[in-house]
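Here is the structure we will look at, set down as structure tokens.
Everything numeric in this text was worked out from a predicted model, so none of it was measured.
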Amino acid sequence: MGSGGGALGLSSPLFANGHLSSSSNSTSLPLPVEDGNHLAMVKPSSSIVNLPHYKWRLLIAYDGTRYAGLLSLLFLIYGGEPPSRVAGLVAGECWLLGFLLRIPLLAASPSISGWQFQVSPPTIQCIVEKALIQITKLERECLHFVGASRTDTGVHAWGQVAHFITPFNYDSLETIHAALNGLLPSDIRVREISAATPEFHARFSAKSKVYHYKIYNDTIMDPFQRHYVYHSVYKLNTAAMREAAKMLIGKHDFSAFVNASRNDRVPDPVKTIFRFDVIEMGPLIQLEVEGSGFLYRQVRNMVALLIQIGKEAIPTEIVPKILATLDRRELAKYALSAPPHGLCLVSVKYNQEHLLLPSDCPTTSFGRHHTITKCKLPFY
């Protein structure tokens, strides 16, 4: 990575003066793009051939509430009713829902939004990409924007990681950082921007991911936590939940805990769970799970089973039996997916070498504080 006065390579839209650097990385080589579980190499567009390219890492937080589909909203309206009950309510009470939601029912869909790119209704990735396109003046294909985790509809994140590529360098990342957060809605924030080495990939370089699922276990729900915590009026046996969670730790085939994915990829069902903790904080129960990776809705399905065990509706011994079947239909006999609003992607972990900053790169931006040079209030 080169540096100097102004932006390097192409002129950055945020800096008027830029010039090419002889020490920069050339994009005459193919650029990496995501293709299923592999990196495919494709030729860059003609507009940036033989020009330098730079990779940037984003740390993003977002509130998934507004990006939830219809069924996720119904979980909140009907106080955590199971999906089968919600589906019946939708079928039998459409006129009531149309009044409560004050939206045309046909405009809402139960299986859209979340992180992965989708134009309508917009997803987190789509909104961030649009902001980057507006700032960098690059086409979407040139940005190669990739997120570490494809969080589902209605799921929150504090530590989502993503990367993108530009054919120009920045003297400072504070300006683009401020511009990004200025364009993004208030429920999506870029917490940090840093330069990344060419080898870094937000998704494929990830060593592990940490998710938290929060349950409010009391008779009356805290209204200030209703969008971020699942409410269980049943008194949960946390000791039984801990025992069951330990049975999920280790390397297993989690086929029994995966929902059918909407894309054509065939993911490897063998994953490793490094830890699965059940922590009590007053009426709040926090389930913390760290793993090498997770299948579609795997975390929510594991949580749903632990909740049923916590209710003492089923014994802890059911966990290895369900794992051994490799059949999602076996889990469905005992538990359905936990609602998404209690789940949060807390962090994505990488090997230290993947987090090293390239030489001669701008310093990492954590945002900047505003200062007042003189008092603007009149003295009395």
Side-chain angles (χ1 to χ4, degrees), residues 1-34 39 41 44-45 47-61 128-129 131-140 142-148 159-184 189-207 347-369:
M1 306 283 287
S3 65
L8 304 180
L10 294 177
S11 295
S12 163
L14 292 181
F15 296 95
N17 298 318
H19 58 274
L20 292 175
S21 168
S22 59
S23 62
S24 56
N25 301 316
S26 173
T27 58
S28 57
L29 295 175
L31 292 176
V33 296
E34 186 176 354
L39 281 180
M41 305 306 287
S45 63
S47 62
I48 58 172
V49 170
N50 296 323
L51 290 175
H53 70 272
Y54 305 88
K55 185 173 284 188
W56 311 99
R57 181 169 47 242
L58 303 178
L59 183 61
I60 306 172
V128 176
E129 275 194 10
L132 283 171
I133 290 169
Q134 187 172 344
I135 291 170
T136 63
K137 308 303 181 186
L138 296 174
E139 296 295 330
R140 178 173 181 255
C142 299
L143 285 172
H144 299 284
F145 184 68
V146 177
Q160 174 73 282
V161 177
H163 77 255
F164 68 97
I165 295 172
T166 63
F168 45 75
N169 196 5
Y170 289 101
D171 280 346
S172 170
L173 293 175
E174 286 190 345
T175 304
I176 185 176
H177 196 172
L180 263 178
N181 282 334
L183 289 173
L184 292 172
R189 293 291 89 175
V190 175
R191 295 173 50 206
E192 178 184 322
I193 301 182
S194 61
T197 60
E199 297 77 22
F200 173 81
H201 191 280
R203 184 178 175 205
F204 298 120
S205 299
K207 183 175 68 173
S347 66
V348 182
K349 297 183 178 181
Y350 299 88
N351 289 325
Q352 195 59 40
E353 58 266 25
H354 287 136
L355 298 179
L356 295 175
L357 296 177
S359 59
D360 301 324
C361 68
T363 58
T364 300
S365 173
F366 300 96
R368 57 188 176 196
H369 290 284

[X] versus [Y], closest heavy-atom pair with distance:
X: A196; Y: P358; result: O-CG, 3.5 Å
X: F200; Y: H354; result: CD1-O, 3.4 Å
X: S365; Y: H177; result: OG-ND1, 2.7 Å
X: E174; Y: G367; result: OE2-O, 4.3 Å
X: E129; Y: L143; result: O-CD1, 4.3 Å
X: E199; Y: S205; result: O-OG, 3.8 Å

Is there a donor-acceptor contact under 3.5 Å from the side chain of [X] to the main chain of [Y]?
X: Y170; Y: C361; value: no
X: H144; Y: I165; value: no
X: N181; Y: V190; value: yes
X: K207; Y: N351; value: no

task = Given side chain to side chain contact (heavy atoms under 4.5 Å, CB included), test I193 with L180 step by step and report yes or no.
result = CA-CA 10 Å; I193 301 182; L180 263 178; 3.9 Å; yes

request  = Would you please classify the geometry between the F145 ring and the F164 ring as parallel, tilted or perpendicular, with 30° and 60° separating the classes?
outcome  = tilted

task = Check step by step if side chain to side chain contact (heavy atoms under 4.5 Å, CB included) holds for L173 and E192.
result = CA-CA 9 Å; L173 293 175; E192 178 184 322; over 6 Å; no

Side-chain heavy atoms of [X] within contact of [Y], under 4.5 Å:
X: T197; Y: E353; value: no
X: V146; Y: F204; value: no
X: V161; Y: L58; value: no
X: L138; Y: P167; value: yes
X: P362; Y: N169; value: yes

inquiry  = For the CD atom of Q134 and the CG atom of L132, what is their distance to the nearest 0.5 Å?
reply    = 10.5 Å

ask   = Roughly how far apart are I176 CD1 and T166 OG1, rounded to 0.5 Å?
value =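 I176 atom CD1 to T166 atom OG1 measures 7.5 Å (nearest 0.5 Å).
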
